[in-house]
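Just below is one structure, and these are the notes that go with it.
Residue numbers run from 1 in the order of the sequence given.
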Amino acid sequence: MSVLRMAYLALAVWGAVHPMAWFVTWLSANGWDFGGMIDAWYVNAATTGLTWDLTIAAIALTVWIVAETWMRRNWSALVAIPATFLIGVSCGLPLYLFLRTRPVT
(Lines give C-alpha, C1' and ligand atoms only; values in the text may rest on other atoms or scores of the structure.)
Protein backbone atom coordinates (compact mmCIF):
# COMPACT_ATOMS: atom_id res chain seq x y z
CA MET A 1 0.00 0.00 0.00
CA SER A 2 1.34 3.40 -0.93
CA VAL A 3 2.09 6.12 1.59
CA LEU A 4 -0.71 8.21 0.10
CA ARG A 5 -3.29 5.42 0.55
CA MET A 6 -2.09 4.85 4.13
CA ALA A 7 -2.52 8.58 4.78
CA TYR A 8 -6.09 8.49 3.40
CA LEU A 9 -6.90 5.47 5.55
CA ALA A 10 -5.40 7.08 8.66
CA LEU A 11 -7.41 10.26 8.02
CA ALA A 12 -10.61 8.24 7.55
CA VAL A 13 -10.07 6.46 10.88
CA TRP A 14 -9.20 9.73 12.62
CA GLY A 15 -12.21 11.38 10.97
CA ALA A 16 -14.43 8.66 12.40
CA VAL A 17 -12.98 8.36 15.89
CA HIS A 18 -12.19 11.94 16.89
CA PRO A 19 -15.55 13.58 16.08
CA MET A 20 -17.42 10.54 17.42
CA ALA A 21 -15.63 10.90 20.77
CA TRP A 22 -17.02 14.44 21.04
CA PHE A 23 -20.51 13.31 20.02
CA VAL A 24 -20.52 10.47 22.55
CA THR A 25 -19.26 12.82 25.27
CA TRP A 26 -22.05 15.30 24.53
CA LEU A 27 -24.71 12.61 24.26
CA SER A 28 -23.70 10.90 27.50
CA ALA A 29 -23.80 14.24 29.34
CA ASN A 30 -27.23 15.05 27.88
CA GLY A 31 -29.08 11.77 28.27
CA TRP A 32 -28.51 10.45 24.76
CA ASP A 33 -30.88 13.08 23.38
CA PHE A 34 -30.20 13.07 19.64
CA GLY A 35 -32.79 15.78 19.06
CA GLY A 36 -30.97 17.96 21.58
CA MET A 37 -27.70 17.39 19.76
CA ILE A 38 -29.25 18.47 16.48
CA ASP A 39 -30.68 21.54 18.23
CA ALA A 40 -27.18 22.32 19.51
CA TRP A 41 -25.92 22.42 15.93
CA TYR A 42 -28.15 25.47 15.40
CA VAL A 43 -27.61 27.25 18.74
CA ASN A 44 -25.95 30.32 17.16
CA ALA A 45 -24.90 31.73 13.80
CA ALA A 46 -21.42 30.19 13.97
CA THR A 47 -22.63 26.63 14.56
CA THR A 48 -25.46 27.04 12.06
CA GLY A 49 -22.97 28.18 9.42
CA LEU A 50 -20.68 25.25 10.15
CA THR A 51 -23.61 22.82 10.03
CA TRP A 52 -24.67 24.12 6.62
CA ASP A 53 -21.07 24.12 5.41
CA LEU A 54 -20.69 20.44 6.28
CA THR A 55 -24.12 19.56 4.88
CA ILE A 56 -23.34 21.17 1.52
CA ALA A 57 -19.90 19.51 1.47
CA ALA A 58 -21.52 16.12 2.20
CA ILE A 59 -24.00 16.58 -0.65
CA ALA A 60 -21.23 17.63 -3.07
CA LEU A 61 -19.13 14.64 -2.01
CA THR A 62 -22.09 12.31 -2.55
CA VAL A 63 -22.68 13.65 -6.07
CA TRP A 64 -18.98 13.17 -6.84
CA ILE A 65 -18.95 9.63 -5.41
CA VAL A 66 -22.03 8.59 -7.39
CA ALA A 67 -20.73 10.13 -10.64
CA GLU A 68 -17.28 8.59 -10.38
CA THR A 69 -18.57 5.23 -9.17
CA TRP A 70 -20.90 5.09 -12.14
CA MET A 71 -18.03 5.85 -14.55
CA ARG A 72 -15.38 3.68 -12.90
CA ARG A 73 -17.72 0.85 -11.86
CA ASN A 74 -16.00 0.86 -8.46
CA TRP A 75 -19.16 -0.12 -6.59
CA SER A 76 -17.41 -0.75 -3.26
CA ALA A 77 -16.63 2.97 -3.07
CA LEU A 78 -20.34 3.63 -2.45
CA VAL A 79 -19.70 2.69 1.19
CA ALA A 80 -18.28 6.21 1.59
CA ILE A 81 -21.79 7.68 1.24
CA PRO A 82 -23.24 6.20 4.45
CA ALA A 83 -19.92 6.91 6.16
CA THR A 84 -20.32 10.56 5.16
CA PHE A 85 -23.86 10.94 6.49
CA LEU A 86 -23.65 8.63 9.53
CA ILE A 87 -20.17 9.65 10.69
CA GLY A 88 -19.20 12.81 8.81
CA VAL A 89 -17.35 14.33 5.90
CA SER A 90 -14.16 13.98 7.95
CA CYS A 91 -14.50 10.21 7.52
CA GLY A 92 -16.35 9.92 4.21
CA LEU A 93 -13.99 12.00 2.08
CA PRO A 94 -10.70 10.31 3.05
CA LEU A 95 -12.44 6.92 2.95
CA TYR A 96 -13.58 7.57 -0.61
CA LEU A 97 -10.10 8.74 -1.61
CA PHE A 98 -8.66 5.56 -0.06
CA LEU A 99 -11.10 3.38 -2.00
CA ARG A 100 -10.69 5.40 -5.19
CA THR A 101 -6.90 5.08 -5.26
CA ARG A 102 -6.70 1.33 -4.86
CA PRO A 103 -4.60 -0.37 -7.49
CA VAL A 104 -6.47 -1.77 -10.49
CA THR A 105 -5.91 -5.50 -10.92
Side-chain angles (χ1 to χ4, degrees):
M1 185 179 327
S2 72
V3 173
L4 183 60
R5 288 196 80 227
M6 286 189 292
Y8 289 149
L9 184 57
L11 287 168
V13 171
W14 184 23
V17 173
H18 195 155
M20 200 58 61
W22 289 102
F23 293 150
V24 168
T25 300
W26 191 94
L27 287 167
S28 65
N30 292 279
W32 295 91
D33 179 15
F34 289 98
M37 186 171 72
I38 292 170
D39 290 341
W41 296 345
Y42 297 97
V43 75
N44 61 44
T47 59
T48 299
L50 186 56
T51 299
W52 278 108
D53 181 61
L54 291 171
T55 301
I56 294 165
I59 293 168
L61 175 59
T62 300
V63 169
W64 182 40
I65 291 170
V66 169
E68 280 214 340
T69 298
W70 187 262
M71 289 179 359
R72 293 170 170 258
R73 305 288 191 236
N74 180 13
W75 305 114
S76 64
L78 290 173
V79 74
I81 294 172
T84 299
F85 286 96
L86 297 174
I87 301 170
V89 176
S90 62
C91 175
L93 176 58
L95 176 62
Y96 179 68
L97 293 172
F98 171 76
L99 295 169
R100 183 182 185 273
T101 56
R102 75 174 181 203
V104 178
T105 56

Worksheet item: Which ILVMFWY residues are connected to Leu86, directly or by a chain of links, through side-chain heavy atoms under 4.5 Å apart?
Response: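 Leu86 clusters with nothing; isolated.
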Item to complete: If you link ILVMFWY side chains whenever their heavy atoms are less than 4.5 Å apart, which other residues fall into the same cluster as Trp22? By chain and number, please.
Response: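 Via sub-4.5 Å side-chain contacts, Trp22 links to none.
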Could I get the full list of side chain to side chain contact (heavy atoms under 4.5 Å, CB included) partners for [X], not counting sequence neighbours?
| X | value |
| --- | --- |
| Val79 | Leu95, Leu99 |
| Leu54 | Leu50 |
| Leu11 | Trp14, Pro94 |
| Trp75 | Thr69, Trp70, Arg73, Leu78 |

Worksheet item: Ala12 and Cys91: which non-hydrogen atoms are nearest, and at how many Å?
Response: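 Distance-wise, the nearest heavy atoms are O-SG, 3.6 Å.
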Discussion item. I need the minimum non-hydrogen distance between Thr51 and Tyr42, along with the two atoms involved.
Written reply: CG2-OH, 3.3 Å
About how many Å separate [atom2] of [Y] and [atom1] of [X], when rounded to the nearest 0.5 Å?
| X | Y | atom1 | atom2 | value |
| --- | --- | --- | --- | --- |
| Phe85 | Leu61 | CZ | CG | 8.0 Å |
| Met1 | Phe98 | CE | CZ | 4.5 Å |
| Ser90 | Met20 | OG | CE | 8.5 Å |
| Leu9 | Leu97 | CG | CG | 12.0 Å |

Worksheet entry | Residues that Trp41 engages under ring pair (Phe, Tyr, Trp, His ring centres under 6.0 Å), provided they are two or more places apart |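 For Trp41 there are no ring pair (Phe, Tyr, Trp, His ring centres under 6.0 Å) partners, ignoring immediate neighbours.
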Discussion item. Filter on salt bridge (Lys or Arg N to Asp or Glu O under 4.0 Å), then keep only pairs touching residues 34-60, sequence neighbours left out; what's left?
Written reply: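 Those involving residues 34-60 do not exist here.
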Worksheet item: Which salt bridge (Lys or Arg N to Asp or Glu O under 4.0 Å) pairs, counting each pair once, include a residue from residues 81-103, with sequence neighbours left out?
Response: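 Checked against salt bridge (Lys or Arg N to Asp or Glu O under 4.0 Å) - neighbours excluded - the pairs reaching residues 81-103 are Glu68-Arg100.
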Does [X] share a hydrophobic cluster with [Y], counting links as ILVMFWY side-chain heavy atoms below 4.5 Å and allowing steps through other members?
| X | Y | answer |
| --- | --- | --- |
| Met71 | Ile81 | no |
| Ile56 | Val89 | no |
| Trp26 | Phe34 | yes |

Worksheet entry | side chain to side chain donor-acceptor pair (under 3.5 Å) against Thr47, all qualifying residues, sequence neighbours excluded |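 Applying side chain to side chain donor-acceptor pair (under 3.5 Å) to Thr47 gives Asn44.
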Worksheet item: Just wondering, are more than 12 heavy atoms of other shown residues or ligands nearer than 6.0 Å to CH2 in Trp52?
Response: no
